[in-house]
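Read the structure below first, then the notes.
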Amino acid sequence: MNILTFDIEDWFHILEHPTTRMEEDWGAFESRLPDMLERILDLLEEKSFKGTFFVLGWIARQHPHSIRQIAARGHEVASHSDLHQLVYEQGPLAFQKDVEQSVQTLEDIVGEKVRAFRAPGFSITAREPWAFEILAEAGIEIDCSIFPARRAHGGFPNFGASEPALIETHGHAIKEFPMNTSRFLWFSFVFSGGGYFRLFPHEMLRFLTNRANYVMTYFHLRDFDPDQPVVPSLSPWRRFKSYYGLGRALPKLTRLLDEFPFVSLYEAEALVPWDRVRRVRLA
Ligand SMILES: [Zn+2]
């Protein structure tokens, strides 16, 4: 099962960087979203695949027409939070307010129920079990925030197998579709989006996709945009990680869409035998 998802934010939504962290900073940057989103929607239409788009509430308020296009062209609109803050920094009250604002905004603009969520930077860790209760109370039925390995913004290394599971917390159950990790010797990595997708040659991506039973992709529009401005004052390492391989990413995605079947999140949900998956109880 290969699941096609995109996190819909702009090129300047870089986490944990002093000039791009807060809403007040974002007004200074010019958006590249409408054109890039249209390119992706055209590609999916050409290949006849449906995808799931995790959209920031803030983005939906800036570009309501573009976000309505996602749904109008047959794809699923889900939430990527409202203001792209790290959950483990927010705490329960701020997280709840942010999730509610995002769901409300997206439902008002798109006119459909928002059923799925992905946290910015996969920032729900083992220390934030309350996040799932808040999500369930906001009407979220499916979560895609778990990164079952170590990473810069959180990670949930003890989650267990990278496959769909039911998370149970205080009377609620949430369907979890975690990221899928691959292993090379002692090194765990995710190839289905972000830096490694841009870094690895196509043959390697094809090999890894072929080998996996379950692939959860997470693409960003900026992964495919070689003409985007560069966020000022990034460290050389983050600059490399953020901008390497931009020109080759769209041709690589196009080839993968030719070589493998992909489904959207809700299509995947219908394929999973939920009464038989692993149950994860979080206090
Ligand atoms: Zn994001």
Side-chain angles (χ1 to χ4, degrees), residues 3-26 29 31-34 36-37 40 51-63 66-67 70 75-90 94-95 98-99 101-103 105-106 114 116-125 128 131 135 140 142-149 151-156 177-180 190-198 216-225 228-231 234 238-239 241-244 246 249 253 265:
I3 307 175
L4 192 55
T5 80
F6 298 83
D7 292 358
I8 300 303
E9 53 196 57
D10 226 313
W11 61 274
F12 46 81
H13 287 108
I14 299 272
L15 287 162
E16 289 190 288
H17 185 64
T19 63
T20 57
R21 199 173 187 126
M22 307 300 283
E23 184 180 13
E24 301 81 79
D25 305 321
W26 302 338
F29 301 116
S31 176
R32 297 187 56 82
L33 185 129
M36 288 307 302
L37 180 59
I40 294 297
T52 304
F53 291 71
F54 292 94
V55 182
L56 288 182
W58 185 86
I59 284 286
R61 291 190 291 280
Q62 307 294 314
H63 305 283
S66 296
I67 300 314
I70 297 174
H75 306 286
E76 295 151 11
V77 174
S79 167
H80 187 41
S81 86
D82 200 64
L83 294 175
H84 211 242
Q85 301 298 305
L86 294 165
V87 178
Y88 56 75
E89 287 184 356
Q90 284 181 305
F95 178 63
D98 183 272
V99 169
Q101 166 96 353
S102 162
V103 168
T105 298
L106 294 168
V114 170
F117 178 83
R118 175 177 289 144
F122 303 99
S123 58
I124 299 180
T125 77
E128 288 78 43
L135 289 172
I140 298 296
I142 305 175
D143 177 73
C144 298
S145 304
I146 288 190
F147 192 99
R151 82 186 304 262
H153 318 292
F156 206 130
F177 284 87
M179 290 307 299
N180 60 292
V190 165
F191 65 87
S192 50
Y196 287 113
F197 181 85
R198 284 183 274 109
M216 168 62 79
T217 63
Y218 76 113
F219 298 112
H220 293 78
L221 299 175
R222 65 171 168 269
D223 288 329
F224 305 112
D225 181 9
Q228 69 191 290
V230 172
V231 169
L234 284 178
R238 276 205 88 176
R239 201 181 150 114
K241 275 205 310 189
S242 303
Y243 299 101
Y244 181 85
L246 296 171
L253 174 61
L265 188 60

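In each ligand, atom 1 is the first atom listed, and ligand 1 is the first ligand listed.
Among heteroatoms of the N, O or S kind in Glu9, OE1 lies nearest the Zn ion (ligand 1).
For residue His220, no N/O/S atom approaches the Zn ion (ligand 1) to within less than 2.8 Å. Residue side and main chain included, His84 places an N/O/S atom under 2.8 Å of the Zn ion (ligand 1). Not a single N, O or S atom of Asp7, from either the backbone or the side chain, sits less than 2.8 Å from the Zn ion (ligand 1).
Ring geometry for Phe122 versus Phe147: interplanar angle of 30 to 60°, hence tilted. Ring geometry for Trp11 against Phe29 counts as perpendicular: the plane angle is over 60°, on a 0 to 90° scale with 30° as the lower cut. Using bins of under 30°, 30° to 60° and over 60° for the plane-to-plane angle, the ring pair Phe224/Phe219 lands in the tilted bin.
Each of Phe53, Phe54, Phe6 was checked for a ring pair (Phe, Tyr, Trp, His ring centres under 6.0 Å) with His75, and the lone residue meeting it is Phe53.
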